[in-house]
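The block underneath contains the structure these notes are about, expressed in structure tokens.
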Number of protein chains: 2
Amino acid sequence: MSRLSGDDWALAALDAISSGGVAAVAVEPIAVRLGATKGSFYWHFKARGDLVEAALALWEQRSTLDVIASVEQAGGSPKARLRRLFGLVFDAAALTHADISLHADADPAVREVVTRVSRRRIDYLASLLRECGHTPRAARRRAVFAYSAFLGNIQLMNSSPNLLESSVGSLSRYADAVVESLVRI
Amino acid sequence: MSRLSGDDWALAALDAISSGGVAAVAVEPIAVRLGATKGSFYWHFKARGDLVEAALALWEQRSTLDVIASVEQAGGSPKARLRRLFGLVFDAAALTHADISLHADADPAVREVVTRVSRRRIDYLASLLRECGHTPRAARRRAVFAYSAFLGNIQLMNSSPNLLESSVGSLSRYADAVVESLVRI
DNA sequence: TTCTGACAGTACGCTAGCGTATGGAGCATG
DNA sequence: CATGCTCCATACGCTAGCGTACTGTCAGAA
């Protein structure tokens, strides 16, 4: 990796966000991690803010569009797609860590992206639930509820892993149950 | 406020946590906000870490013990207490903001406190649900679920307020419904 | 009134991180 | 081979914030 691209930096920045929030996006430490120096960074970006922006864009892409596309491509019944969706998001620890940091951020620019991401995810959830036979209103209500439950779960898993596992047993059976109760008319 | 106490500093630090996370606990800016200087701070505390610690202790007290005591003192049926509990936590924006920041923090010391707080809250929820007639196992499962839903809700309310309100209508009726479904055997 | 101790202000050095300027290294192309 | 372009390293100045040392102030005890 003798020569870096802007995407390399954005990826590393997203990594930093996952482990320490936007505040952890610091040029010099990331440069060290990439085995480079600031010289490289300031070639690809104008300022630190642009790196944060790029990382957010990357996150937005990966955590919504990519996930949705992957689920849609796999196909299957709406219920099967729901189940696959839950499986994906629970596994992708890297993505959920970024989620946690970003949802807690107070910066307006971050919140704008987060809101867009949340909206898109909820829209997709609602569309699946409509396909399952729910009315648009009910589908939307359930989608919002499911999404907020999802947020709470990753939060709790992150801050105190034992608490959840001890009362829920297997995560995959838990996801089964959640999907089941969401789909039930 | 010509003379400050250690508690004044801790309170201001908790405020800083609410609005910017633990990273926002910076001695000099807080000194300015208190109309003082570092000279005061380093009289009351040995180092910045001690201030963070004090703020966390304050949060732990207020967001668990105080809330629980207040609900218990008001009395009423377990269901009424549950309802009162939800009303309290949804209103206390200051507390929930701190919650959001702290649940997202990666520092082991913070996570230790957060885990203790979560455990205590879940324990209290479970005890109320047992009083409502649930078996211990069921009460605990529901308590964990309710708590994680709570976390998700404050998260969503914080990062994108409109998303929740638009699909849920009145927050107080929402709380009614949640309590109702929790209590139902 | 004087003295003492609790409390606060001021001045200083130190580190981390941002941003800039400048000087290469290496490759491509004439 | 010379030239120029792309990419990176190094060195520098600047700010925010931590922690320390010393100096001041004021209330109450003696």
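The shown structure was predicted, so the numbers you read here are calculated from the model rather than taken from an experiment. Reckoned from all heavy atoms, side chains included, excluding hydrogens, waters and symmetry mates. Below, chains carry the letters A, B, ... as their sequence lines are ordered, and counting in each starts from 1.
- Between the side chains of Asp8(B) and Ser5(B), at least one donor N or O lies within less than 3.5 Å of an accepting N or O.
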Between side-chain atoms of residues 10-34 of chain B and protein atoms elsewhere (two or more places apart, or another chain), which donor-acceptor pairs fall under 3.5 Å?
{"unit_1": "Ser18(B)", "atom_1": "OG", "unit_2": "Leu14(B)", "atom_2": "O", "d": "3.2"}
{"unit_1": "Ser18(B)", "atom_1": "OG", "unit_2": "Ala94(B)", "atom_2": "O", "d": "3.2"}
{"unit_1": "Ser19(B)", "atom_1": "OG", "unit_2": "Asp15(B)", "atom_2": "O", "d": "3.3"}
{"unit_1": "Ser19(B)", "atom_1": "OG", "unit_2": "Ala16(B)", "atom_2": "O", "d": "3.3"}
{"unit_1": "Glu28(B)", "atom_1": "OE2", "unit_2": "Lys38(B)", "atom_2": "NZ", "d": "3.3"}

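- Glu131(A) and Lys79(A) are not joined by a salt bridge, as no carboxylate oxygen comes within less than 4.0 angstrom of a charged side-chain nitrogen.
- Summarising the local packing, CZ of Arg83(A) is surrounded by more than 12 heavy atoms from other residues, nucleotides or ligands at distances under 6.0 Å.
- Under the ring pair (Phe, Tyr, Trp, His ring centres under 6.0 Å) criterion, Phe86(A) pairs with no residue, sequence neighbours left out.
- Atom-to-atom distance recorded for Arg120(A):CZ and Leu65(A):CG is 5.0 Å, nearest 0.5 angstrom.
- Dense packing is recorded around CZ of Arg48(B), with more than 12 heavy atoms of other residues, nucleotides or ligands lying under 6.0 Å away.
- For residues 100-132 of chain A, the set of pairs meeting the ring-ring contact (aromatic ring centres under 6.0 Å, His included) definition, not counting sequence neighbours, is empty.
- Non-hydrogen atoms lying under 4.0 Å from DNA chain D are contributed by nothing in residues 105-112 of chain A.
- Distance, Asp8(B) CG to dC7(C) P: 12 Å, rounded to whole Å.
- Just one residue in the list Leu82(B), Val183(B), Asp123(B) forms a side-chain contact (heavy atoms from CB on, under 4.5 Å) with Leu128(B), and that residue is Leu82(B).
- Look at CZ on Arg48(B): it is 15 Å from P on dT20(D), rounded to the nearest Å.
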Close N or O pairs between protein and nucleotides 6-9 of chain D (under 3.5 Å):
{"unit_1": "dC7(D)", "atom_1": "OP2", "unit_2": "Trp43(A)", "atom_2": "NE1", "d": "3.2"}
{"unit_1": "dC7(D)", "atom_1": "O4'", "unit_2": "Arg3(A)", "atom_2": "NH2", "d": "3.3"}
{"unit_1": "dC7(D)", "atom_1": "O3'", "unit_2": "Arg3(A)", "atom_2": "NE", "d": "3.3"}
{"unit_1": "dC8(D)", "atom_1": "OP1", "unit_2": "Leu4(A)", "atom_2": "N", "d": "2.4"}
{"unit_1": "dC8(D)", "atom_1": "OP2", "unit_2": "Ser40(A)", "atom_2": "OG", "d": "3.2"}
{"unit_1": "dC8(D)", "atom_1": "OP2", "unit_2": "His44(A)", "atom_2": "NE2", "d": "2.7"}
{"unit_1": "dA9(D)", "atom_1": "OP2", "unit_2": "Thr37(A)", "atom_2": "N", "d": "2.7"}
{"unit_1": "dA9(D)", "atom_1": "OP2", "unit_2": "Thr37(A)", "atom_2": "OG1", "d": "2.7"}
{"unit_1": "dA9(D)", "atom_1": "O5'", "unit_2": "Thr37(A)", "atom_2": "OG1", "d": "3.4"}

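- A heavy atom closer than 4.0 Å to some atom of DNA chain C occurs in no member of residues 19-30 of chain B.
- Around CZ of Arg84(B), the count of heavy atoms belonging to other residues, nucleotides or ligands within 6.0 Å does not exceed 12.
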